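Predicted model, so just to flag it, every value in this text is computed and none were measured. Along the sequence shown, residues carry numbers from 1.
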Amino acid sequence: MKQKETMLNTMEISNSEHLIDEIGDEHIGTSADTPLRADAFEIDDELKMELIEKHFREIMHVLGLDLTDDSLKGTPRRVAKMYIQEIFSGLNPKNKPDVKLFENKYKYNEMLVEKDITFFSNCEHHFVPITGKAHVAYISNGQVIGLSKINRIVQYYAKRPQVQERLTMQIGNELKELLGTDDIAVVIDAHHMCVSSRGVQDVNSSTVTAFYSGKFERDENARTEFMKYISL
């Protein structure tokens, strides 16, 4: 009986590992919201860095690295600070950009396009970089946003473990809510290190995702105009 149970447990673990690998390689996302626990911000950043430093030191130890070496001994702390203060800082709502809107006094009613917004993110399946460019457009509904704030919104949502589909939707939905207009378009073109540095190891391919709402969703001419601008 025990042998059968052991075999069943081994098969369950094997099937689970296979499913996990498939999910990572098939680029599946769970929802449009970043999956966060309810208690995600009950401990402060300093304690988070201490805990990450401790656990990353253990990872390095398991890998067989000599943590007394001058080049390596500061790595666990550097990684912890990088995670909390930089590349995953978009997880914390306190880091969300403070966006002020302005009256559209110019009465500019055509689309405004901010293109080639460079961003750096990280794949939530393998925790390796995603690098790319976002192209954003909106048609004012009476209010406008400072141009640099569009860049900051893109970077805020990029600075968290991500899948590209979710990142595209989060940027689009945030701009809809901020600007009070449905007329939003977002296109993202990105390279994934989980594709180029592991697995298939294809260094040339890129992934393109899009978000269209309002006029951009209904009107093919609006989408065509937007695509013309971002291809200039």
Exercise. Hey, is NZ on K133 packed in by over 12 heavy atoms from elsewhere, all under 6.0 Å?
Worked result: no
Exercise. Are side-chain heavy atoms of K176 and T181 found at a separation under 4.5 Å?
Worked result: no
Seminar exercise, completed: Closest heavy-atom pair, A32 versus M169, reported as atoms and distance to 0.1 Å, is CB-CE, 3.8 Å
Exercise. Going hydrophobic residue to hydrophobic residue with side-chain gaps under 4.5 angstrom, can you get from I153 over to I87?
Worked result: no
For this session: Please name the pair of heavy atoms, one in I188 and one in I171, separated by the smallest distance, quoted to 0.1 Å.
Result: CD1-CD1, 4.0 Å
Exercise. So how far is it from D189 CG to T207 OG1, rounded to the nearest 0.5 Å?
Worked result: 8.0 Å
Problem set entry | Any side-chain heavy-atom pair of F226 and M111 under 4.5 Å | yes
Problem set entry | Donor + acceptor pair across side chains of Q162, S121 (<3.5 Å) | no
Problem set entry | Nearest-0.5 Å distance, CD1 of residue I150 to CD1 of residue I117 | 6.0 Å
For this session: Please check if atom CZ in R223 has more than 12 non-hydrogen atoms from other residues, nucleotides or ligands closer than 6.0 Å.
Result: yes
Exercise. Tell me, do V195 and C123 make a side-chain contact under 4.5 Å, heavy atoms counted?
Worked result: no
Exercise. Taking atom CD1 of I184 and atom CD of E177, what is their separation to the nearest 0.5 Å?
Worked result: 11.5 Å
For this session: Kindly determine whether E86 and K159 satisfy side-chain contact (heavy atoms from CB on, under 4.5 Å), including the steps that lead there.
Result: CA-CA 7 Å; E86 297 177 85; K159 288 181 178 179; over 6 Å; no
Exercise. Would E110 and S140 count as having a side-chain donor-acceptor pair, cut-off 3.5 Å?
Worked result: no
For this session: Rounded to the nearest 0.5 Å, what's the gap from CG on L72 to CG on L65? Could you check?
Result: 5.5 Å
For this session: Please identify each residue that fulfils side chain to side chain contact (heavy atoms under 4.5 Å, CB included) with M227, with sequence neighbours left out.
Result: V187, Y212, I230
Problem set entry | Minimum side-chain heavy-atom gap F120-I130 below 4.5 Å | no
For this session: Determine yes or no for a side-chain-to-main-chain donor-acceptor pair under 3.5 angstrom, with H191 supplying the side chain and S206 the backbone.
Result: no
Exercise. Could you state the interatomic distance from OG1 (T75) to CD (E53), rounded to the nearest 0.5 Å?
Worked result: 10.5 Å
For this session: Could I get the full list of salt bridge (charged side-chain N to carboxylate O under 4.0 Å, His left out) partners for D219, not counting sequence neighbours?
Result: none
Problem set entry | Rounded distance (nearest 0.5 Å) linking atom NZ of K228 with atom CG of N221 | 10.5 Å
Exercise. D182 and S213: side-chain donor and acceptor closer than 3.5 Å?
Worked result: no
Problem set entry | V200 with V208, same ILVMFWY side-chain cluster at under 4.5 Å | no
Exercise. Using the benzene-type ring in the case of Trp, are the ring centres of F119 and Y156 under 6.0 Å apart?
Worked result: no
For this session: Decide whether L147 and Y157 are clustered together by the hydrophobic rule: side chain heavy atoms of Ile, Leu, Val, Met, Phe, Trp, Tyr closer than 4.5 Å, transitively.
Result: yes
Problem set entry | Note, Y106 side chain near V144 side chain (heavy atom, < 4.5 Å) | no
For this session: Return the set of residues passing salt bridge (charged side-chain N to carboxylate O under 4.0 Å, His left out) with K100 (not counting sequence neighbours), or none when no residue passes.
Result: D98
Exercise. Which pair of heavy atoms, one from F216 and one from A137, lies closest together, and at what distance?
Worked result: CZ-CB, 3.9 Å
Seminar exercise, completed: Across all chains, not counting sequence neighbours, the side chain to side chain contact (heavy atoms under 4.5 Å, CB included) partners of V203 are S196
Distance-only check: which donor-acceptor pairs under 3.5 Å involve side-chain atoms of residues 43-52, not counting sequence neighbours?
from : atom 1 : to  : atom 2 : distance (Å)
D44  : OD1    : E46 : N      : 3.3
D44  : OD1    : L47 : N      : 2.9
D45  : OD2    : K94 : NZ     : 3.3
E46  : OE2    : R77 : NH2    : 2.9
K48  : NZ     : A40 : O      : 2.7

For this session: May I ask you to decide whether R166 forms a salt bridge with E124, counting only side-chain N to carboxylate O separations under 4.0 Å?
Result: yes
Exercise. Any chain of hydrophobic side-chain contacts (each under 4.5 Å) joining M193 to V79?
Worked result: no
Problem set entry | Pair K96 + E174, salt bridge at N-O below 4.0 Å | yes
Exercise. Got a sec: does the OH of Y108 have more than 12 other heavy atoms crowding it under 6.0 Å?
Worked result: yes
Exercise. Hey, are the side chains of V136 and V113 touching, using non-hydrogen atoms and a 4.5 Å cut-off?
Worked result: no
Exercise. How far apart are the closest heavy atoms of R78 and S71, and which atoms are they?
Worked result: NH2-O, 3.3 Å
For this session: Say whether V128 and L91 are linked into one hydrophobic cluster, either directly or through other cluster members, by side-chain heavy-atom distances under 4.5 angstrom.
Result: no
For this session: Would you check if the side chain of R160 reaches a backbone N or O of F88 as a donor-acceptor pair within less than 3.5 Å?
Result: no
Problem set entry | Minimum-distance pair of heavy atoms, taken over all atoms of V154 and A134 | CG1-CB, 3.9 Å
Exercise. Is any side-chain heavy atom of C194 closer than 4.5 Å to a side-chain heavy atom of H125?
Worked result: no
Exercise. Taking all atoms of both residues into account, what is the closest heavy-atom pair of F41 and N92, and its distance?
Worked result: CE2-CA, 3.6 Å
Problem set entry | With K73 via salt bridge (charged side-chain N to carboxylate O under 4.0 Å, His left out) - residues at least two apart | D70
Exercise. Going through the distances and angles, do H135 and D116 end up as a side-chain contact (heavy atoms from CB on, under 4.5 Å)?
Worked result: CA-CA 6 Å; H135 314 286; D116 294 333; 3.1 Å; yes
For this session: Report yes if some heavy atom in the side chain of D183 is under 4.5 Å from a heavy atom in the side chain of Y138; otherwise report no.
Result: no
